[in-house]
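The structure appears right after this line, and notes come after that.
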Amino acid sequence: MDLGIKGRKAIVCAASKGLGKACAMKLAEAGVELVINSRTKEAIEATATEITKATGVKVVAVACDITTPEGRKEVLEVAGNVDILVNNAGGPPPGNFRDWGIDDWQKAVNANMLTPIELIKATVDGMIDRKFGRIVNITSGAVKAPISYLGLSNGARAGLTGFVAGVARETVRHNVTINGLLPGPFATDRLYGNLRLQAEKAGRTFEDYAAEQASKNPAGRFGEPDEFGATCAFMCSVHAGFMTGQNILLDGGSFPGTL
Ligand code: NAP
């Protein structure tokens with residue numbers, strides 16, 4: 001399917017690896033020019049080179065922390081007018097809410113709620129003026145089915161989701177959509193890092209524990225980042241102009257509800 005976005009311009013945040021990188025790659029395959037970002041210079045530059053080699057599109061790498069005002073300013077200045085924004089950042093750490101202070105909450109809310117809101121604020125009016133815009137917020141399956149030890153994530157991402165639910169209904173009449181893309185377990189370094197910790201706690205080997213967790217998913221496996229990236233690219237396509245304020249869960253069927 002032609003996604004109809006060849007020649008469009010996108011910012012993909014937190015994209016040197018994992019889900020952000022997969023979204024960037026699939027947008028590039030659709031012919032979208034990219035500004036990609038993450039904190040580690042070598043890693044983001046290597047990813048930009050890899051995507052350009054694979055697709056032939058122009059990819060500019062910006063090494064900075066997207067959760068800081070300076071980082072966002074740099075990315076926005078390099079990118080100029082954009083048609084597509086994929087919001088992403090590292091997730092907050094797991095733990096017990098009794099151990100978290102205001103500072104922990106402020107960090108989580110800053111990274112996973114206020115940062116995407118600031119980037120939406122900076123880009124959405126230009127999209128409205130140009131009558132095309134697609135914004136995808138990478139959040140988490142925990143928005144729909146909270147995981148108690150990920151309380152910081154549950155709280156901050158629910159805040160973003162609530163904000164978007166309102167604004168997404170205002171922008172859609174200008175062909176600017178805003179949606180959430182909710183990963184369940186995807187085979188990335190972040191998932192493997194969490195599984196390694198849980199395996200250690202349970203006194204199990206990583207391989208054994210990870211295989212058991214994967215087999216518990218209705219799909220019998222973890223998701224592949226490519227699958228996530230392809231869904232993101234569709235949500236950014238011309239075909240998805242009637243989809244806004246939605247939260248698309250990709251979890252292999254783990255969430256047990258009918259709707
Ligand atoms: P990942 O494989 O660890 O990749 C994270 C990427 O984000 C890296 O490129 C990292 O590069 C970059 N990054 C992290 N913090 C950043 C910051 N402050 N500024 C700019 N770049 C930053 O993680 P992932 O699995 O793709 O996860 C992406 C998001 O989805 C996270 O918020 C995660 O919590 C959420 N999620 C993932 C899963 C899953 O199963 N994978 C499930 C639910 C939710 P640098 O470290 O160099 O900055």
Side-chain angles (χ1 to χ4, degrees), residues 11-26 34-48 50-51 61-76 78 86-95 107-116 118-119 136-147 149-158 160-161 180-198 210 213-214 216-217 219 221-229 231-232 247-252 254-255:
I11 293 173
V12 185
C13 304
S16 67
K17 61 180 181 174
L19 303 179
K21 177 182 176 183
C23 294
M25 184 64 90
K26 291 293 174 189
L34 300 172
V35 172
I36 61 171
N37 138 270
S38 74
R39 292 166 300 182
T40 314
K41 194 172 187 313
E42 306 75 54
I44 197 67
E45 285 178 352
T47 297
E50 183 188 333
I51 296 175
V62 182
C64 64
D65 184 339
I66 200 66
T67 68
T68 64
E70 303 75 35
R72 288 191 290 277
K73 188 166 180 267
E74 197 182 342
V75 168
L76 290 165
V78 169
V86 179
N87 276 315
N88 187 28
K107 271 190 201 140
V109 168
N110 177 53
N112 298 109
M113 179 181 171
L114 301 180
T115 290
E118 283 292 293
L119 288 168
V136 174
N137 299 313
I138 299 179
T139 61
S140 171
V143 166
K144 207 164 156 100
I147 303 166
Y149 63 86
L150 291 177
L152 291 169
S153 171
N154 300 338
R157 296 186 200 276
L160 172 65
T161 305
L181 187 49
L182 284 52
F186 274 83
T188 66
D189 286 355
R190 175 169 167 95
L191 177 72
Y192 289 145
N194 284 341
L195 289 176
R196 207 160 267 121
L197 287 178
Q198 288 163 25
Q213 293 304 311
K216 279 186 186 166
N217 187 285
R221 63 178 178 87
F222 296 135
E224 289 301 327
D226 262 12
E227 297 173 300
F228 191 88
T231 307
C232 176
N247 291 285
I248 307 301
L249 179 62
L250 293 186
D251 70 348
S254 292
F255 181 74

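This is a predicted model, so every value here is computed, not measured. Ligands are counted one by one from 1 in listed order, and the atoms in each one are counted from 1 as well. In this chain, numbering begins with 1 at the start of the sequence shown.
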Thr40 side chain reached by Ser16 side chain, heavy atoms, under 4.5 Å: no
Treating Asn87 as the side-chain partner and Cys13 as the backbone partner, does any N or O pair qualify as donor plus acceptor under 3.5 Å? no
Backbone or side-chain N or O of Thr40 under 3.5 Å from ligand 1 N or O: yes
If I apply the N/O under 3.5 Å rule, does Gly20 come out as touching ligand 1? no
Return a yes/no value for Ile138: is any of its N or O atoms, backbone included, closer than 3.5 angstrom to an N or O of ligand 1? no
Quick one: does Gly184 get within less than 4.0 Å of ligand 1, heavy atoms only? yes
Output for pair (Thr115 OG1, Asp65 CG), nearest 0.5 Å, gives 8.0 Å
Taking the side chain as C-beta and beyond, is there a heavy-atom pair between Ser153 and Asn112 under 4.5 Å? no
Part of Ser16 with heavy atoms under 4.0 Å of ligand 1, whether side chain, backbone, both or neither: both
Checking a contact table here: which protein heavy atom is nearest atom 40 (O) of ligand 1, and how many Å away? Phe186 N, 2.8 Å
Compute the shortest N/O to N/O distance between Gly90 and ligand 1 and return yes if it is under 3.5 Å, no if not. yes
Give, for atom NZ of Lys17 and atom CG of Asp189, the distance between the pair rounded to the nearest 0.5 Å. 4.0 Å
Checking a contact table here: which protein heavy atom is nearest atom 43 (C) of ligand 1, and how many Å away? Pro183 O, 3.3 Å
Which heavy atom of the protein is the closest neighbour of atom 4 (O) of ligand 1, given with residue, atom name and distance? Lys17 CG, 3.6 Å
Which ligand 1 atoms, with their elements, are less than 4.0 angstrom from a heavy-atom of Thr67? 18 (N)
Gap between atom CG of Leu249 and atom OG1 of Thr231 - 0.5 Å precision: 11.0 Å
Can you tell me how far apart CG (Asn37) and CZ (Arg72) are? Round to the nearest 0.5 Å. 11.0 Å
For ligand 1, does Ala89 get within less than 4.0 Å through its side chain, its backbone, both, or neither, judged by non-hydrogen atoms? backbone
Among all protein heavy atoms, pick the one closest to atom 18 (N) of ligand 1 and tell me residue, atom and distance. Asp65 OD1, 2.8 Å
Evaluating non-hydrogen atoms only, which member of Leu19, Val12, Thr188 is closest to atom 30 (O) of ligand 1? Leu19
Can you confirm whether Val35 sits close enough to Val62 that some side-chain heavy atom of one is under 4.5 Å from a side-chain heavy atom of the other? yes
Which ligand 1 atoms, with their elements, are less than 4.0 angstrom from a heavy-atom of Asn88? 28 (C), 29 (C)
Heavy-atom contacts with Ala14 under 4.0 Å: which atoms of ligand 1 show up? List them by number with element. 6 (C), 7 (O), 9 (O), 12 (C), 13 (N), 21 (N), 22 (C)
Does Gly18 offer a backbone N or O that forms a donor-acceptor pair with the side chain of Arg190 under 3.5 Å? no
If you round to the nearest 0.5 Å, how far is CG of Asp251 from OG of Ser140? 10.0 Å
Using a 4.0 Å heavy-atom threshold (strictly under), name the region of Thr139 that reaches ligand 1: side chain, backbone, both or neither. backbone
Lys26 and Phe228, any side-chain heavy atoms less than 4.5 Å apart: no
Which of the atoms in ligand 1, numbered in the order shown and given with their element, are less than 4.0 Å from a heavy-atom of Asp189? 2 (O)
Validation row: Asn88, Ile66 side chains within 4.5 angstrom (heavy atoms): no
Counting non-hydrogen protein atoms only, what is the nearest one to atom 23 (O) of ligand 1? Give residue, atom name and distance. Arg190 CB, 3.5 Å
Per-residue contact class, Lys41 against ligand 1 - non-hydrogen pairs under 4.0 Å: neither
Is the side chain of Thr139 donor-acceptor paired with the backbone N or O of Leu182 at a distance under 3.5 Å, no angle test? no
Result for side-chain contact (heavy atoms from CB on, under 4.5 Å) between Cys23 and one of Leu34, Ile138, Ile36 points to Ile138
Going by heavy atoms, is Glu42 under 4.0 Å from ligand 1? no
With a cut-off of 4.0 Å, which atoms of ligand 1 are near a heavy atom of Gly91? 31 (C), 32 (O), 34 (O)
State whether the shortest distance between N or O atoms of Asn112 and N or O atoms of ligand 1 falls below 3.5 angstrom. no
Which residue supplies the protein heavy atom nearest to atom 19 (N) of ligand 1, what is that atom called, and how far is it? Ile66 N, 3.1 Å
By number and element, which atoms of ligand 1 are closer than 4.0 Å to a non-hydrogen atom of Cys64? 19 (N), 20 (C)
May I ask you to identify the nearest protein heavy atom to atom 16 (C) of ligand 1, giving residue, atom name and distance to one decimal place in Å? Arg39 NE, 3.5 Å
Quick one: which ligand 1 atoms are inside 4.0 Å of a heavy atom on Pro185? 40 (O)
